[in-house]
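Atom set for the values below is all heavy atoms of this structure, side chains included, hydrogens, waters and symmetry mates excluded.
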Amino acid sequence: MGEVFEKMCRYHVLEKGINGDYGNFITKVGNWWGNEILVDESGNRRVNPTDIDIVGLSGFDKTMVIGECKFKNEKTGKSAFDALFKRGKLIEGKYKIVRYIIYSLNGYTDWYEDLHDIQLELNTIDDLYQ
């Protein structure tokens, strides 16, 4: 079901992006696969495959939205945002990230109340049907 949930979320981002709800005009939505370098406590480096569930691009102004989808029975915590923010740095360059989006099947813990100056949108499954 996780893959189906991701497709639903991508469609939701495309629909909102076409309507200009993110302040830009999203015309392409997909995902991204790449590698990140992880460093352990001993300073050893290793390459780790990673992905971003949602990447929505606006070719008009070279901006993008990126997102994470969590199809889990528990509430989504801050680690989902931290991972998304870190992975966004791997692809930002040609396009500028204008919004981070997280979809959670079962809502969120209270971590997001501490974030300021970051364009963040939190959605639940109910938001997909509005």
Side-chain angles (χ1 to χ4, degrees):
M1 266 314 284
E3 188 174 321
V4 172
F5 184 62
E6 285 182 18
K7 287 180 182 179
M8 292 168 59
C9 296
R10 281 188 208 108
Y11 180 79
H12 188 248
V13 167
L14 180 60
E15 181 179 45
K16 289 183 74 174
I18 287 171
N19 291 328
D21 292 351
Y22 303 122
N24 57 2
F25 186 64
I26 302 292
T27 57
K28 294 180 185 177
V29 176
N31 61 349
W32 174 85
W33 286 88
N35 293 308
E36 65 181 332
I37 307 239
L38 300 177
V39 181
D40 66 17
E41 306 85 39
S42 304
N44 297 321
R45 298 165 63 101
R46 68 181 171 88
V47 175
N48 187 52
T50 191
D51 73 315
I52 298 175
D53 296 333
I54 300 169
V55 177
L57 301 176
S58 171
F60 297 103
D61 60 1
K62 302 295 184 195
T63 59
M64 68 179 154
V65 299
I66 63 172
E68 183 71 18
C69 304
K70 294 296 181 189
F71 191 81
K72 296 184 177 185
N73 290 327
E74 65 268 358
K75 291 185 175 193
T76 300
K78 189 172 186 299
S79 62
F81 171 75
D82 291 340
L84 180 62
F85 191 79
K86 182 179 175 184
R87 291 173 185 161
K89 293 186 181 304
L90 297 173
I91 64 170
E92 191 171 39
K94 185 177 178 183
Y95 289 80
K96 179 183 182 226
I97 298 171
V98 295
R99 182 154 324 185
Y100 298 88
I101 305 165
I102 301 178
Y103 289 87
S104 175
L105 179 65
N106 281 302
Y108 301 89
T109 61
D110 293 334
W111 59 270
Y112 57 88
E113 295 172 355
D114 296 332
L115 292 179
H116 305 286
D117 299 327
I118 294 188
Q119 290 292 322
L120 175 64
E121 178 180 304
L122 303 177
N123 295 287
T124 63
I125 196 161
D126 294 335
D127 294 311
L128 297 175
Y129 296 101
Q130 293 182 3

Do side-chain atoms of [X] reach the backbone of [Y] as a donor and acceptor pair under 3.5 angstrom?
{"X": "Trp32", "Y": "Gly88", "value": "no"}
{"X": "Asp40", "Y": "Ser42", "value": "yes"}
{"X": "Asp127", "Y": "Thr124", "value": "yes"}
{"X": "Asn106", "Y": "Lys72", "value": "yes"}
{"X": "Glu6", "Y": "Asp53", "value": "no"}
{"X": "Asn48", "Y": "Glu36", "value": "no"}

Working to the nearest 0.5 Å, report the span between [atom1] of [X] and [atom2] of [Y].
{"X": "Arg10", "Y": "Cys69", "atom1": "CZ", "atom2": "SG", "value": "6.5 Å"}
{"X": "Ser79", "Y": "Lys86", "atom1": "OG", "atom2": "NZ", "value": "12.0 Å"}
{"X": "Asn24", "Y": "Tyr95", "atom1": "CG", "atom2": "OH", "value": "11.0 Å"}
{"X": "Asp126", "Y": "Leu105", "atom1": "CG", "atom2": "CG", "value": "9.5 Å"}
{"X": "Ile54", "Y": "Leu14", "atom1": "CD1", "atom2": "CG", "value": "11.0 Å"}
{"X": "Glu15", "Y": "Leu128", "atom1": "CD", "atom2": "CG", "value": "9.5 Å"}

Under 4.5 Å between side-chain heavy atoms, hopping through other hydrophobics if needed: is there a path connecting [X] to [Y]?
{"X": "Met1", "Y": "Tyr129", "answer": "yes"}
{"X": "Val29", "Y": "Val98", "answer": "yes"}
{"X": "Ile52", "Y": "Met8", "answer": "no"}
{"X": "Val4", "Y": "Phe71", "answer": "yes"}

Please test Thr63 against Asp61 for side-chain hydrogen bond (donor to acceptor under 3.5 Å, both in side chains), starting from the C-alpha separation and ending with a verdict.
-> CA-CA 6 Å; Thr63 59; Asp61 60 1; 2.7 Å; yes

Over all heavy atoms of both residues, which pair between [X] and [Y] is shortest? Give the atoms and the distance, please.
{"X": "Glu121", "Y": "Lys16", "answer": "OE2-NZ, 2.9 Å"}
{"X": "Leu90", "Y": "Asn35", "answer": "CD1-O, 3.8 Å"}
{"X": "Ala80", "Y": "Lys70", "answer": "CB-CE, 3.9 Å"}
{"X": "Gly56", "Y": "Ile26", "answer": "O-CD1, 3.5 Å"}
{"X": "Phe25", "Y": "Ile18", "answer": "CE1-O, 3.1 Å"}

Do the rings of Phe81 and Tyr100 sit parallel, tilted or perpendicular, given the 30° and 60° boundaries?
->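 Plane angle over 60°, so perpendicular.
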
Out of Val13, Leu57, Ile97, Asn31, which residue meets the side-chain contact (heavy atoms from CB on, under 4.5 Å) rule with Ile66?
-> Ile97

Taking side chain as C-beta onward, heavy atoms only, is [X] less than 4.5 Å from [Y]?
{"X": "Ile101", "Y": "Arg99", "value": "yes"}
{"X": "Leu84", "Y": "Arg87", "value": "no"}
{"X": "Lys75", "Y": "Tyr108", "value": "no"}
{"X": "Ile125", "Y": "Tyr103", "value": "no"}

